[in-house]
Each structure stands twice: as structure tokens, then as C-alpha cells.
Amino acid sequence: MFGNILIWFVIIPIIMMAGLGICRNSSMNAIRGVMTVCSTALLALAIWLCVWFLDLRAAGETAEMLFTESWTWYEPLNINIAVGVDGISVLMIMLSAIIVFAGVFASWKISPLPKNFFLWFALLSTGVFGFFISIDIFTMFMFYEVALIPMYLLIGVWGTGRKEYSAMKLTLMLMGGSAFLMLGLLGIYWHSGPEGNLTWNILEISRNASIDPSWQRLLFCLTFVGFGVLGAMFPFHTWSPDGHACAPTAVSMLHAGVLMKLGGYGCFRIAIYLLPQAANELAWIFIILTGISVVYGAFSACVQTDLKYINAYSSVSHCGMVLFAILMLTQTAMTGAILQMLSHGLMTALFFALIGMIYGRTHTRDIRQMGGLMKIMPYLGVCYMIAGFASLGLPGLSGFVAEMTIFVGSFQHTDMFHRCFVIAGTCSIVITAVYILRVVGKLLLGPVQDEHHLQLTDATWFERFSTVTLIVAIAGIGCFPNWINETIQHSFVPIIQSITQAAI
């Protein structure tokens with residue numbers, strides 16, 4: 001087991017929790033040391049995995065999943081701890097490692113109870129990494145739940161504002177989505193093969209292709225809604241703005257940057273891949289819902305005055321774009337969806353990190369009470385402008401590559417229904433530009449609104465380290481997107497084949 005590189009993405013966060021357990025609550029240096037070493041190890045391991053994966057593909061390895069291995073867990077129900085990754089999984093692991101690494105430095109001075117905070121943070125990381133490496137549906141769902149559970153305490157204890165209300169609302173809605181998801185996954189299992197040969201393994205289920213079309217329709221709705229709740233799909237998005245607004249900085253970064261990607265990844269890996277006939281028949285329903293998410297989230301961000309609420313509604317719009325692209329069922333649009341998951345994960349993590357740093361100095365998130373911060377804290381101001389430009393799709397940054405790929409791929413459909421929704425989706429770019437430029441102008445430029453802000457300091461070394469990590473990744477995707485396409489191109493072959501065969 002320990003010889004497989006993937007299992008170490010779960011073992012290292014467990015070691016992180018064990019190390020924190022040994023530390024005393026008052027020993028901040030020891031706590032920071034454990035988190036720094038383990039998060040650096042995760043990032044290094046993710047880079048190694050990515051390089052190794054690309055080398056194997058270049059050498060001619062064409063298997064659907066690489067580094068696969070399975071260990072029996074509960075034989076009567078054929079439950080296994082089965083791991084494996086394709087290009088999409090590798091990129092999601094890389095995204096998670098970058099944001100966990102940046103989140104540690106963004107929480108360098110977290111209080112109170114820093115040890116307890118990082119313990120729950122590590123448990124959340126365990127669930128995220130375990131979800132992306134799993135190819136057994138039961139194990140994937142288990143890690144999915146492990147990732148959701150810590151959110152209640154992380155927001156309820158270390159959050160701000162109406163934190164108890166927001167934590168409970170988030171937990172209830174995501175648990176409700178999990179109930180739909182559990183029913184859908186159980187249905188897939190019971191129709192995964194002939195009686196006596198049932199399986200939870202995604203690869204085996206896709207090869208069997210034995211789920212009756214009438215059952216596929218029901219199971220597709222259950223699984224897509226279950227994962228769509230976490231992806232902030234309209235009308236199940238209402239937990240997201242409150243949860244983001246009240247969460248502490250690192251939790252907002254990991255929540256919006258990675259946790260919401262579990263929703264898009266699950267829709268892609270399970271709902272679309274394992275239920276292709278229902279996906280062809282019912283995609284139009286969810287295109288309407290996700291199209292509303294894209295436009296509604298952008299319009300809602302325009303009328304907000306709280307920095308976190310602005311970014312939260314922006315996340316609803318951008319995550320809606322991910323699901324919207326997946327439902328187009330074309331390879332180009334799906335490639336755009338993966339790029340958008342990476343782009344949004346990085347830029348929203350950067351946004352939340354910067355908002356936390358600004359709030360820690362000004363003690364307000366109301367843009368009406370701030371102004372002229374560029375001359376007071378120029379480093380944070382420039383970083384905020386870079387995040388804003390990435391969000392509105394400036395060429396050279398990740399947002400442009402992702403959104404252009406989505407719209408080009410979506411416009412491959414020649415019917416009026418799809419093209420009307422693509423045109424509506426493109427309008428969100430204009431709306432995004434409106435609220436981003438409005439916030440940048442109000443927050444950073446113009447006269448200083450509060451004289452006390454003139455005494456504020458700029459970013460510290462650990463804050464700069466956190467933001468530079470994210471900015472380099474954003475610019476890297478924007479300037480060099482080809483390596484991402486090379487990483488994921490083989491991953492779409494079986495999925496597109498199943499969708500095409502189901503459409504015949």
C-alpha cells in the first residue's frame with residue numbers, strides 16, 4: 001500500500017494531524033513548523049506526480065487511469081480502497097496542494113486555538129485529496145463527507161459575523177445534497193452489473209454499461225443535483241455566499257478554491273461518465289439552471305458592498321460556468337471546464353486571501369468605508385488588481401484561457417437553444433467587468449475615506465509568500481496553457497466515446 005504514490009496524499013495530512021496532536025497549544029512555532037513541512041511535502045509530491053504522469057504519457061502509456069491499485073475493505077459489499085488518477089485528477093490534486101500550501105501562510109497568525117484550527121484544516125485536506133485519488137464510488141463518497149464535516153466547526157468557531165447561522169445553513173444544505181447523492185450512488189451500485197457481481201469501481205461500471213436508460217434518468221438527476229449543491233448550482237446556491245462571508249481566510253480559500261470543485265469533478269466523473277444516455281437526454285434541464293447561476297451570480301455581485309459577498313457571488317457565477325461547460329458534452333467545452341476549475345480555484349483563493357489581509361488591517365469589508373488603499377498598501381493593491389483582471393478574463397491570465405475555451409466549445413452546438421444560452425453566458429463577462437472595476441476603483445483608488453487607514457502597513461513576508469504562490473500559478477496557466485491540455489487530453493477519450501455511443 002505505502003509503495004503507491006497516491007496513498008501518500010492521504011497519509012501526509014494524517015501525519016500532519018498527528019504532529020499537531022503532539023504540539024502544545026501555546027507552541028506556535030511548533031504548530032507552524034508542522035504545517036509548513038507537511039504542506040510543502042504535499043506540494044512537492046503533487047509536482048512529482050504531475051511530472052511522473054506526463055513522462056508516462058509521453059512514453060506511450062495509454063491506460064485510462066494510472067497508478068491504479070486496490071485493497072479490499074469490506075468484501076460482502078465489494079467495497080475497496082481503490083486509487084488511480086487521470087490527467088484531470090492530477091490537476092485537481094495540484095490545485096489542492098497549491099491552495100493548502102498558500103492557506104497555511106495566510107493563516108500564520110490565526111487565533112484563537114491555532115492548534116485546533118489546523119487540526120480541522122488538515123482533516124478537510126485529507127477528505128479533498130482522498131476524493132480526487134479514489135476510483136471506488138463508496139470510498140469517494142466517504143472522503144467527500146470527511147471534507148464537508150469540518151466546515152461547520154471551522155466557520156462556527158473561527159468565523160466572523162453571523163458565523164453560527166452560516167455554518168448551520170451550509171451544513172444542512174450540503175448534507176441535504178449528500179442525501180440525494182447517496183441515493184444516486186446506491187442506485188448506480190445496484191445496477192452496476194449482474195446480480196452477484198456488483199461493483200463500486202468506476203472503471204468497471206463504465207465497462208459494463210449495463211444501467212437501464214429509465215434508471216439512468218433518475219440516477220442522473222440525483223447525482224447531478226447532489227454534486228451540484230456543492231457546486232453552487234441555482235437554486236441550491238444560497239449556502240455559498242453566507243458560508244464564504246463568515247469563514248476565516250484559509251477556510252474560504254480552501255472552500256471556494258477546492259471544495260466547490262468536488263461538485264464539478266463529481267458531476268463530470270460520475271453523472272456524465274457513468275450515466276451518458278441520461279446526460280444526453282436531460283442535460284438541457286441543467287443547462288438552464290447553470291445558465292441562471294452564471295448570470296444571476298454576476299448580477300448579484302454587482303449590488304453587494306461587502307468584499308466577501310462580492311467574491312462569493314462571483315464564485316456562484318464562475319462555478320456555474322464549470323457545470324454549464326460540462327453539460328455541453330463536447331471535448332472543447334469540457335477542457336474549458338477543467339481550465340475554469342483551475343482558474344477559479346486559484347483566483348478566488350487569491351481574492352479571499354487578500355480580503356482577509358485587508359480586513360485584518362482595516363477591520364471592515366464594506367467598500368463604502370474604504371478608498372485610496374493603493375497608496376497605503378501598494379503590494380496588496382497590485383495583487384488585488386491582478387486577481388480582478390484574472391476574474392474578468394484579461395489575456396495572459398488564467399481566466400481568459402478558460403472562458404474562451406468554454407465559449408468556443410459550447411458554440412459548437414448549432415441549435416438555437418444551446419447558442420442562446422452561450423450568448424447569455426458571454427454576457428456575464430461584461431457584468432463581471434462592471435463589478436470588478438467598480439470595486440477596484442472604490443477600494444484602491446480615489447481619496448482615503450478613513451484617516452486611521454493612513455497608519456496601516458503593507459503585507460508581511462508570509463502574506464507575500466502566500467499571494468506570490470497563487471499569482472505565479474494564475475499567470476502560468478494564462479501564459480502556458482498547452483501543458484494542461486496535454487495532461488488532460490487522454491482523459492476525455494473514454495468519456496466522449498460513452499457519450500457518443502449513448503447518443504446513437
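When reading the values below, keep in mind they use all heavy atoms of this one structure, side chains included, and skip hydrogens, waters and symmetry mates.
Within the 3.5 Å criterion, the main-chain N or O of Leu289 finds a donor-acceptor partner in the side chain of Ser293. Within the 3.5 Å criterion, the main-chain N or O of Val157 finds a donor-acceptor partner in the side chain of Lys163. Side-chain N or O atoms of His191 include one that pairs as donor or acceptor with a backbone N or O of Gly187 at under 3.5 Å. In terms of modelled atom types and a separation under 3.5 Å, the side chain of Thr223 and the main chain of Phe220 share a donor-acceptor contact. Asn280 places a side-chain N or O within 3.5 Å of a backbone atom of Pro276 that can act as its donor or acceptor partner. His418 contributes no side-chain N or O that, together with a main-chain N or O of Met328, makes up a donor-acceptor pair within less than 3.5 Å. Here the side chain of Ser252 pairs no donor or acceptor atom with the backbone of Phe352 at under 3.5 angstrom.
Sorted by first and then second residue, the pairs that involve residues 272-291 and meet salt bridge (charged side-chain N to carboxylate O under 4.0 Å, His left out), not counting sequence neighbours, are Arg217-Glu281. The side chain to side chain donor-acceptor pair (under 3.5 Å) pairs that include a residue from residues 30-50 number zero, where partners must be two or more places apart or lie in different chains.
For Tyr265 and Arg269, the side-chain atoms include at least one donor-acceptor pair closer than 3.5 Å. In summary, the side chains of Ser498 and Tyr273 do not present any donor paired with an acceptor at a separation below 3.5 Å, with no hydrogens or angles considered. Between the side chains of Tyr74 and Asn80, no donor N or O sits under 3.5 Å from an acceptor N or O. Side-chain polar atoms of Ser134 and Thr139 form no donor-acceptor pair below 3.5 angstrom. Of the N and O atoms on the side chains of Asn311 and Ser314, not one donor lies less than 3.5 Å from an acceptor on the other residue. Between Ser315 and Thr348, the side chains place a donor N or O and an acceptor N or O closer than 3.5 Å (distance only, hydrogens not considered). Judged by distance alone, the side chains of Ser214 and Asp212 do bring a donor and an acceptor atom under 3.5 Å apart.
Ring geometry for Tyr296 versus His237: interplanar angle over 60°, hence perpendicular rather than tilted (30 to 60°). Below 30°, between 30° and 60°, or above 60°: for Phe268 and Phe492 the angle between ring planes is above 60°, a perpendicular geometry. Ring orientation note: the planes of Phe286 and Phe224 are tilted relative to one another, at an angle of 30° to 60°.
Listed by chain and residue number, Glu145 satisfy the side-chain hydrogen bond (donor to acceptor under 3.5 Å, both in side chains) test with Ser178 (two or more places apart in sequence, or in another chain).
Here the side chains of Thr290 and Leu327 are in contact, with some heavy-atom distance below 4.5 Å. No side-chain heavy atom of Ile202 sits under 4.5 Å from any side-chain heavy atom of Arg207. Put simply, the side chain of Trp239 does not reach to within 4.5 Å of the side chain of Thr171, judged on heavy atoms.
Note: Ser240 OG to Leu230 CG = 9.0 Å, rounded to the nearest 0.5 Å. Remark: Gln340 CD to Thr405 OG1 distance equals 9.5 Å, nearest 0.5 Å. Taking CD1 of Ile137 as the start and CD1 of Ile79 as the end, the distance is 11.5 Å to the nearest 0.5 Å. Atom CG of residue Leu54 and atom OG1 of residue Thr487 lie 4.0 Å apart, to the nearest 0.5 angstrom. Atoms OG1 and CG, from Thr469 and Leu43 in turn, are 8.0 Å apart once rounded to the nearest 0.5 Å. For the atom pair CG of Leu219 and CD1 of Ile270, the computed distance is 11.5 Å after rounding to the nearest 0.5 Å.
In this structure, Phe324 has its ring center at least 6.0 angstrom away from the ring center of Phe407. A centroid separation of 6.0 Å or more is found between the aromatic rings of Phe180 and Phe227. Here Phe9 and Phe129 bring their ring centres to under 6.0 angstrom of each other.
Closest heavy-atom contact between Lys261 and Cys319: NZ-SG, 4.2 Å. Between Val316 and Ala232, the shortest heavy-atom contact is CG1-O, 3.9 Å. In plain terms, the two heavy atoms of Phe67 and Ile5 that are nearest each other are CD2-CG2, 4.0 Å. Summarising the geometry of Ser343 relative to Ala402, their closest heavy-atom pair is CB-CB, 4.3 Å, with the distance given to 0.1 Å. Shortest non-hydrogen contact noted between Leu329 and Ala279 is CD1-O, 3.8 Å.
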Pair Ser398-Leu339, side chain to side chain contact (heavy atoms under 4.5 Å, CB included): steps then yes or no: CA-CA 8 Å; Ser398 59; Leu339 286 166; over 6 Å; no
